[in-house]
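Here is how names work: the chains are called A, B, and so on, in the same order as the sequence lines, proteins then strands, and each is numbered from 1.
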Protein chains: 2
Amino acid sequence: MIRILLADDEHLIRGAMAALLALEDDLEVVAQAATGEQALSMARALRPDVAVIDLQMPGVDGVSVARTLTDELPGCRTMIVTSHGRPGHLKRALAAGVRGFLPKTVSADVLATVVRTIHSGGRYVDPQLAAEAISAGDSPLTPREADVLELAAEGAPVEEIARRAALSPGTVRNYLSSAVGKTGAANRHEAVRIARGQGWI
Amino acid sequence: MIRILLADDEHLIRGAMAALLALEDDLEVVAQAATGEQALSMARALRPDVAVIDLQMPGVDGVSVARTLTDELPGCRTMIVTSHGRPGHLKRALAAGVRGFLPKTVSADVLATVVRTIHSGGRYVDPQLAAEAISAGDSPLTPREADVLELAAEGAPVEEIARRAALSPGTVRNYLSSAVGKTGAANRHEAVRIARGQGWI
DNA sequence: GCTAGCCCATGACATTTGTCATCGAAAGAC
DNA sequence: GTCTTTCGATGACAAATGTCATGGGCTAGC
């Protein structure tokens, strides 16, 4: 019997996925978490065999949870499911020790199969996502550029970004200009869109 | 027995919800659709009692499907489930004849209960969403302002927006300025964010 | 020890954006 | 028939943004 921890902030989806996994004879959902923090404390207490984690959750996101889990509970294999599969997310997830990565567009038996695969030590990444990730290449942005671009994502003026990043306005504009150049965008807002699409921020 | 049509582009979610609804004795999922078009043709062929439709789908979106359904099949009650419950979406959905509106954060038995409620002629809107929708008020944007703001959402410069909207650049800037004022934003990009958050665009 | 790359900053410049006043045409409300 | 609103446009001005050159401090690689 494979013991599973399920983490997803959407109650309906979580419950539904649990119902679905429960249909399999060899799978058992032993815990359901609605946030990253909950997932971690439940995992520590119950030590599941496999953790199925949603990528986007309020608070601690899926990749961070996966990283902590790989560190603290090496016996617990982690996999990510997500609605928005960006190349960058996949890379970060793999770097965090995630063994499986699936978009939510896959069918139910793929999910069950992948749970079994990674439980027995294998890995599985959605083929289409894998192809995109390979062709996409790494992020050209330096850490600081990514930071600043992220702050710019909300549409804040340079002044505010500068305050929030504790930088001078001129420096912010330099970073943004550089990010715009690297993404091939016409302005910072298009740069944000492109970086988002690639999962760079 | 209540016969249900399920439409959601995410295979896993759709299958999981179907598994969950199948656990109820009086509910039966008779069709599953991955797109709006599919949902419509399946509904015409099978005439379900209740259609449970995801708001965001590729191609025809949930509200449009609901509108067509209410026109063509008055016997079929429709309800919307969604990950992103914006006040504006709720209003558009109700205007389209939708009887139930739920975020995906609700629990499974709420879903089943609401299916039964709307099947017996009732209505159900998530209380929190309802409160937001009421306090939010209607969109203050004129149709044209909303158009232009939508084009601006991709981060394109005024020149391009003007070309795509067949307007003069000056006019575009006037509309944007007006939209910025109405949303209380500091610039057009924040205006886009706000309007998105309210479901105005 | 040199070099390269990232980090942070300043100053100068051209371009883009945001704002405002003003105008005319068309449509709907009263 | 007049009033109001929306749509569309122009011109002008101030403010924000994008770009570039330049410089110094720091770290890592060779």
Side-chain angles (χ1 to χ4, degrees), chain A residues 88 91-92 95 136-201, chain B residues 88 91-92 95 136-201:
Chain A
K91 293 196 178 185
R92 274 206 299 279
D138 280 327
S139 169
L141 303 176
T142 67
R144 220 68 183 115
E145 283 164 5
D147 283 353
V148 173
L149 200 56
E150 197 144 15
L151 288 171
E154 289 165 32
V158 170
E159 280 290 345
E160 193 183 324
I161 301 174
R163 256 186 300 113
R164 293 222 270 161
L167 290 173
S168 97
T171 307
V172 169
R173 290 204 285 164
N174 286 340
Y175 282 146
L176 287 176
S177 180
S178 162
V180 166
K182 285 176 177 176
T183 52
N187 57 48
R188 63 165 105 162
H189 306 284
E190 205 188 330
V192 167
R193 262 197 342 112
I194 293 172
R196 277 256 173 79
Q198 298 289 333
W200 293 338
I201 61 171
Chain B
K91 292 195 178 186
R92 274 205 299 278
D138 280 328
S139 169
L141 303 176
T142 67
R144 221 64 187 124
E145 282 165 5
D147 283 355
V148 172
L149 200 56
E150 198 145 15
L151 288 170
E154 289 165 34
V158 171
E159 280 289 347
E160 194 183 324
I161 301 173
R163 254 186 299 112
R164 294 221 270 161
L167 291 174
S168 97
T171 306
V172 168
R173 292 207 282 160
N174 286 341
Y175 282 145
L176 287 176
S177 180
S178 162
V180 166
K182 285 177 178 177
T183 53
N187 56 51
R188 61 164 104 163
H189 306 285
E190 206 187 329
V192 167
R193 263 198 340 114
I194 293 172
R196 278 256 174 80
Q198 298 288 334
W200 293 339
I201 59 171

Spatial distance of atom [atom1] ([X]) from atom [atom2] ([Y]) [nearest 0.5 Å]:
X	Y	atom1	atom2	value
R193(A)	N187(A)	CZ	CG	9.5 Å
L167(B)	R144(B)	CG	CZ	5.0 Å
E150(A)	L141(A)	CD	CG	10.5 Å
Q198(A)	D138(A)	CD	CG	11.0 Å

Report yes if a side-chain nitrogen or oxygen of T142(A) is closer than 4.0 Å to either non-bridging phosphate oxygen (OP1 or OP2) of dG5(C); otherwise report no. no

Look only at the side chain of R92(B) and the backbone of G199(B), and say whether a donor-acceptor pair between them is shorter than 3.5 Å. yes

Whole Å only: how far is the NZ atom of K182(B) from the C1' atom of dT5(D)?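 About 10 Å, once rounded to whole Å.
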
Under 4.0 Å protein heavy-atom contact, by nucleotide of nucleotides 8-24 of chain D - B base, S sugar-phosphate only: SBB-B----BBBB----

